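Lettering of chains follows the sequences in order, A, B, ..., and the numbering in each one begins at 1. As the structure is a computational prediction, the values presented were derived from the model and not from experiment.
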There are 2 protein chains.
Amino acid sequence: MLEIAVLGLLNESPLHGYEIRKRLSNLLGAFRAFSYGSLYPTLRRLSEAGWITEESPLDGPAASATRSRRGKRVYKLTADGKEHLAELLADVGPDAFDEEGFGARLAFFAQTRSDIRLQILEGRRRRVEEQRDGMRSSLARTGQRLDRYTRELHEHGLESVDREVRWLTELIESERSSADNGAEA
Amino acid sequence: MLEIAVLGLLNESPLHGYEIRKRLSNLLGAFRAFSYGSLYPTLRRLSEAGWITEESPLDGPAASATRSRRGKRVYKLTADGKEHLAELLADVGPDAFDEEGFGARLAFFAQTRSDIRLQILEGRRRRVEEQRDGMRSSLARTGQRLDRYTRELHEHGLESVDREVRWLTELIESERSSADNGAEA
DNA sequence: TTCGTCATGTAATGGGTTACATGATTAC
DNA sequence: GTAATCATGTAACCCATTACATGACGAA
């Protein structure tokens, strides 16, 4: 998941690690903040895979010997990386529909083709509907036996997924109508 | 987290591993289902700590030599385990207020003292309020710059935490009024 | 010159999952 | 007797976090 987030960010502009982390925190909302302990190893890995390049401003033509080997390292997406990102964003496999995968894709929807956007939104909705139906029938079956608190927890959970389904439906409808406009214009 | 869930379940009745997993799945809702790969090692660990006992029905007086060493293993909470569980449920440290920790405690609220319940509910509410305020101000600051999808994601997230705050407030109020009745009765 | 914040990194650990392997019991 | 499901268990892996260590740089 870090992979898609990092590549997605670098597709907008080159950045260094510290900055990536800050952007990530407010892009993915307060609800997800990766630590450096996972970020830097990921950057290393992506670099080794050839998807990003790692460039120290000090490496340039006038690299002075007095400077330490440590300093800002700026990361850029390569052509291979762009391609890889496009594949990741267009992947409509099961991972795209769980909470994390969906969130990561949605955050970069602006870079995603409209028909893929629709597939992802619909897949996510299907997934959440299944979850809702499971919760609903489990509550209907065993709801009476549950103590008050557990029942409250389940009911609140059910309402939450129900809201998510409605939200997704709105997004899907607005996506469809803008796709129509785009296609027929 | 598995620890508190397992001890909490065994406080109600002795159970074997397979059954624990089933109960857990519908107790914690469809949203959390531990695998055997974590459950059995946990049972082992709790047993070694002396919090539960592990008893095979075949170990009894008439243990026949023809039976294999494998079969249902029934787990029971020990006196030490009961004590330990009470400590876990009454622990109002920071862990009690995050999503997982709060969920686990709420699921066993029926076994928790009323004043502790109130502390946990209030601590959780404080935590979620902080989250909400962070999201709200971040949305106010950078909301205009965000693309439509990212903004939708943030707004939906904000509404969700907002709903959770209101839900917690209701629980707190009903907890307070039943505490009053209980104390003055 | 020292303090705060920007910036990069590593080692140990954690808390789980997946995939696999096996045995016991029940229903047909 | 065989298929489904109940039941227990392990090994390899994954994806992160925490705690720690270090260094660069600007402002008071």
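Between the CZ atom of A/R45 and the P atom of C/dT10 there is a distance of 15 Å, given to the nearest Å. Rounded to an integer number of Å, the gap from CD of B/E54 to P of D/dA7 is 16 Å. Separating the CD1 atom of B/I20 from the C1' atom of D/dG9 is a distance of 14 Å, rounded to the nearest angstrom. Atom pair A/R73:CZ and C/dC6:P shows a separation of 20 Å (rounding to whole Å applied). Taking atom CG of residue A/L43 and atom P of nucleotide C/dT10, one finds them 11 Å apart after rounding to whole Å. At whole-Å resolution of the value, CZ in A/R21 and P in C/dG9 are 15 Å apart. Distance CG (B/L39) to P (C/dT17): 10 Å, rounded to an integer number of Å.
One finds the CD1 atom of B/I20 at 4.5 Å from the CG atom of B/L10 (value rounded to the nearest 0.5 Å). The OG atom of B/S160 sits 13.0 Å away from the CH2 atom of B/W167 when rounded to the nearest 0.5 Å.
Under the side chain to side chain donor-acceptor pair (under 3.5 Å) criterion, the residue pairs touching residues 138-147 of chain B are B/D147-B/T150, with sequence neighbours excluded. Legend: ring-ring contact (aromatic ring centres under 6.0 Å, His included) pairs involving residues 94-113 of chain B, not counting sequence neighbours, sorted by first then second residue: A/Y149-B/F109.
Taking the side chain of A/S35 as heavy atoms from C-beta on, and the options C/dC6, D/dT18, D/dA7, the nearest nucleotide is D/dT18.
Remark: B/Q111 CD is packed, more than 12 non-hydrogen atoms of other residues, nucleotides or ligands lying under 6.0 Å away.
Minimum heavy-atom separation, A/R21 to A/L39: CB-CD2, 3.8 Å.
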Any protein N or O atoms within reach of nucleotides 10-15 of chain D? Criterion: under 3.5 Å, listing atom names and distances.
none

